[in-house]
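Take a look at the structure below.
Throughout, a chain's letter reflects where its sequence line sits, starting with A, and its residues are numbered from 1.
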There are 2 protein chains.
Amino acid sequence: MPTEQEPARTKRADAARNEKTLLAAAAEVFVSDGVDAPIRQIAARAGVGVGTFYRHFPTRADLITAVYRHQIEACAEAGPTLLAAAETPFDALRQWIDQFTDFLVTKHGLADALQSDSSTFAALHTYFLDRLEPVCAALLTAAIDAGDVQTELSALELMRGVGNLCIGREADSRYDPRRLISVLLKGLRAPL
Amino acid sequence: MPTEQEPARTKRADAARNEKTLLAAAAEVFVSDGVDAPIRQIAARAGVGVGTFYRHFPTRADLITAVYRHQIEACAEAGPTLLAAAETPFDALRQWIDQFTDFLVTKHGLADALQSDSSTFAALHTYFLDRLEPVCAALLTAAIDAGDVQTELSALELMRGVGNLCIGREADSRYDPRRLISVLLKGLRAPL
DNA sequence: CTGAAAAGCGGAACGTCGCTCCATTTAGTA
DNA sequence: TACTAAATGGAGCGACGTTCCGCTTTTCAG
């Protein structure tokens, strides 16, 4: 009788190798062509068939989250750190939003993907928000409690707002997301 | 001589009829399926072939601008009117942004289309901005001159910022674009 | 070491999309 | 009525996402 007791199976060596290769290829293609780049292109660059691609990343969102997971994690961990280190909670919030913005604008097209509801990206959206929303909420409530900020905005709205403001083409020098985000933050401040 | 009052080349009757039918069909489909709805679907609803569609509207942007031209025009004309009528230039700006927001959020997916650079929408983007940017600029500088507003933002940035903030799904009650826009406007105000 | 089962692989194939092209139809005119 | 140019529609093309399954490679019990 076959050994079926084993719940945890280690991946086959070639499969693990292909996954790494795909991840690397995707990261390159994302930079040059954006997160909407054709699957075929990513698979070709990795030197594998599209079937293999789908085996490893059933949805595009799976791929994107895998590629950016480290950076999302770094952003999540920066929240408490900044709160402890910054002079005021508002400063912490501002610095965190800064980092968050960096993440969004340096990744070509990520912000666009984030706001899309074409069910393809629903999972990405969910992962992203689930991970970062509590972090942002902690910063926001800390700033409110300190009296620095007075707003009806939820952390989720703030994050999505910032995300949306980052959507502008980076090629367009006439549109600077950071400037708008700075105005938005100014609008958050409590009078006086 | 036949009824030839018209200045020049008048369209053939059937062509004019089809154009109207297509416009009506597109307006309906836009509401139910968004501005990204397949061309085939619009053509089918109008009871014409896709070739006919492309004859009348070579690009999707041509269609969208045709559908919404009236409302864009109304928005453009409201600028000077509001400036004359409102108590302060800032009020005029706020009311104008309000109307602008109405336009964006009531049209399913329009905001999304506006920020896209997939050359398909470049023309739409251009038309839209060319028409409204000067209007917004007039309001903004009036508010700055009056001392109500102090900002480094250009009118273009403000418009695109507002447009981007409108991108959230209207189905999501947790995201209210208007709230964010209100915060953004608050951030525009000159201190005291 | 060996050989068969399991895991993984590749890419042909299918359905959908935007868009083009042109043989056919039809409105306007003389 | 007959003729011409405008207008039509849908077959067809290339690109895309995604699925499916016959083949290859890895693994490991014997």
| message | At less than 3.5 Å, do the side-chain atoms of B:Arg12 and the base atoms of D:dA7 form a donor-acceptor pair? | response | no
Interatomic distance, [X] [atom1] vs [N] [atom2] [rounded to whole Å]:
X: B:Tyr54; N: C:dC17; atom1: OH; atom2: P; answer: 11 Å
X: B:Gln41; N: C:dC17; atom1: CD; atom2: C1'; answer: 12 Å
X: A:Asp14; N: C:dC9; atom1: CG; atom2: C1'; answer: 8 Å
X: B:Asp33; N: C:dT16; atom1: CG; atom2: C1'; answer: 15 Å
X: A:Lys11; N: D:dT27; atom1: NZ; atom2: C1'; answer: 16 Å
X: B:Phe57; N: C:dG18; atom1: CZ; atom2: P; answer: 16 Å
X: A:Phe53; N: D:dT18; atom1: CZ; atom2: P; answer: 9 Å
X: B:Arg60; N: C:dT20; atom1: CZ; atom2: P; answer: 13 Å

| Nucleotide nearest B:Val50 when distance is taken to its side chain, options C:dG28, D:dT25, D:dA11 | D:dA11
Would you mind checking if [Y] and [X] are paired as a salt bridge, meaning a charged N to carboxylate O distance below 4.0 Å?
X: A:Arg174; Y: B:Glu157; value: no
X: B:Arg178; Y: B:Asp176; value: no
X: A:Asp14; Y: A:Arg17; value: no

| task | Indicate whether the side chain of A:Thr59 and that of A:Asp62 have a donor and an acceptor atom separated by less than 3.5 Å. | result | yes
| 5' priority, DNA chain C, between A:Gly47 and B:Pro38 [closest heavy atom] | A:Gly47
Side-chain N or O of [X] versus OP1/OP2 of [N]: is the shortest distance under 4.0 Å?
X: A:His56; N: C:dG8; value: no
X: A:Thr52; N: C:dG10; value: yes
X: B:Asn18; N: D:dA7; value: no

| said: Under 4.0 Å, counting only non-hydrogen atoms across every strand here, what does B:Ala43 touch: a base, just sugar-phosphate, or nothing? | reply: nothing
| request: For B:Val48, answer base if it contacts any base atom (sugar-phosphate contacts may also be present), sugar-phosphate if it contacts only those atoms, and nothing otherwise; contact means non-hydrogen atoms under 4.0 Å. | output: sugar-phosphate
| remark: side chain to side chain contact (heavy atoms under 4.5 Å, CB included) filter on B:Arg69, not counting sequence neighbours, yields B:Thr65, B:Tyr127
| Of A:Arg40 and A:Arg55, the one whose closest DNA chain D nucleotide lies more 5' | A:Arg40
